[in-house]
Amino acid sequence: MLELIDATKTYVQGRRTVNAVRGVSLQITGGEFVTIMGPSGSGKSTLMHLMGALDTPSTGRAVFQGQDLQTMSDRQRSLLRRDRIGFVFQAFNLLPTLTGAENVALPLLLGGMARRAALDRGRECLTKVNMGHRADHFPDEMSGGEMQRVAVARALVADPEAVLCDEPTGNLDTATSREILSLLAALPEPGRRAVVMVTHDPSAAAYGTRLVQIRDGLVEADGPVCGTEGRG
Ligand code: ADP
Ligand code: ADP
């Protein structure tokens, strides 16, 4: 489904070049919930951007469902992100002037779907994350956990094959983090959908099926997660 093949990413910072990712190969398939951990600055966000078609590798390849991302135009990559990849961020990134349902429906509205159909689908997704009763509320009327549920619903609105999360529990307390992690753990479907999450929270890895540890732009360890917390 998602594949990096000897991918590197080099940034220029003034006169300095930074090798943020230094040759990573990863293969992620439907049904997996992959947790990516590593020290700050080790290249986790950059990896996520490569997998999510937000950026392209300097060398090597990033492949989504058999399509080489670096051969696609910016327009094609942006359509891929809109229609086939969902994103969840630490800061929720909801628009304050839109209701929950409108925030969730926004990707569909931007894609040209009729307002009524898009809002119906938005409400349906909110119900899936137990936020149906808050569909007409604005973000500033919601708790952090509720806002993140809305953001997860928005990530699901196009029924994406990959859901990519960057520190999704970074702004949440422990109990609320667990709720969001349980919600994310329920999303992968074998042969259909994978979830990838970057996190600093060591207890979050237990919710995943696989843990990838990154250090200095390289994969340091990669293996299945033993244990059943958050699953089953
Ligand atoms: P992490 O997510 O593990 O904290 P990042 O992927 O954000 O790591 O960053 C890895 C390295 O790449 C850091 O040294 C960071 O400063 C650098 N970096 C990341 N993004 C950019 C960018 N857009 N421009 C320049 N340097 C960047
Ligand atoms: P993280 O929370 O994973 O450490 P950061 O807060 O370092 O991520 O980075 C947030 C955003 O800024 C990312 O999109 C990253 O690519 C970008 N970024 C990080 N470092 C730099 C940098 N030195 N110059 C420009 N952009 C950067």
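Just so you know, residue 1 is the first one in the sequence shown, and it goes up from there. Indexing begins at 1, ligand by ligand and atom by atom, following the structure's order.
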Any side-chain heavy-atom pair from [X] and [Y] closer than 4.5 angstrom?
| X | Y | answer |
| --- | --- | --- |
| C125 | R121 | yes |
| I85 | F64 | yes |
| K9 | D55 | yes |

### Task
For P39 and ligand 1, answer yes if some heavy atom of the residue is under 4.0 Å from a ligand atom, otherwise no.
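Flag set, P39 near ligand 1.
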### Query
Can you tell me if G38 has a non-hydrogen atom under 4.0 Å from ligand 1?
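No, G38 has no heavy atom closer than 4.0 Å to ligand 1.
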Give the atom numbers and elements of ligand 1 that come within less than 4.0 Å of a heavy atom of [X].
| X | result |
| --- | --- |
| A20 | 10 (C), 11 (C), 12 (O) |
| S42 | 1 (P), 3 (O), 8 (O) |
| G41 | 1 (P), 3 (O), 4 (O), 8 (O), 10 (C), 11 (C) |
| K44 | 1 (P), 2 (O), 3 (O), 4 (O), 6 (O), 8 (O) |
| S45 | 1 (P), 2 (O), 6 (O), 7 (O) |
| Q13 | 16 (O), 17 (C), 25 (C), 26 (N), 27 (C) |
| S40 | 4 (O) |

### Message
Looking at R123 and D120, is any side-chain nitrogen of the basic one under 4.0 Å from a carboxylate oxygen of the acidic one?
### Response
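Answer for the salt bridge query: no.
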### Query
Would you call R192-D159 a salt bridge at under 4.0 Å N-O?
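Yes, this pair counts.
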### Query
So which of D216, T46, L47 gets nearest to atom 9 (O) of ligand 1, if we judge by its closest heavy atom?
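The nearest heavy atom belongs to T46.
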### Message
Side chain, backbone, both or neither: which applies to V18 and ligand 1 if a contact is any heavy-atom pair less than 4.0 Å apart?
### Response
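The answer is the side chain.
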### Query
Would L69 and M1 show up in the same hydrophobic cluster when neighbours are defined by side-chain heavy atoms closer than 4.5 Å?
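Yes; tracing contacts between hydrophobic side chains, which count when under 4.5 Å, links both residues.
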### Query
Taking both backbone and side-chain atoms of G43, is any N or O found less than 3.5 Å from an N or O belonging to ligand 1?
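By distance alone, the answer is yes.
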### Message
If you apply the rule salt bridge (Lys or Arg N to Asp or Glu O under 4.0 Å), what do you find for R149 with E179, and how did you get there?
### Response
CA-CA 9 Å; R149 281 176 188 273; E179 286 171 26; 3.3 Å; yes
### Message
Checking T8 against S58: is there a side-chain donor and acceptor pair closer than 3.5 Å?
### Response
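No donor-acceptor contact under 3.5 Å links the two side chains.
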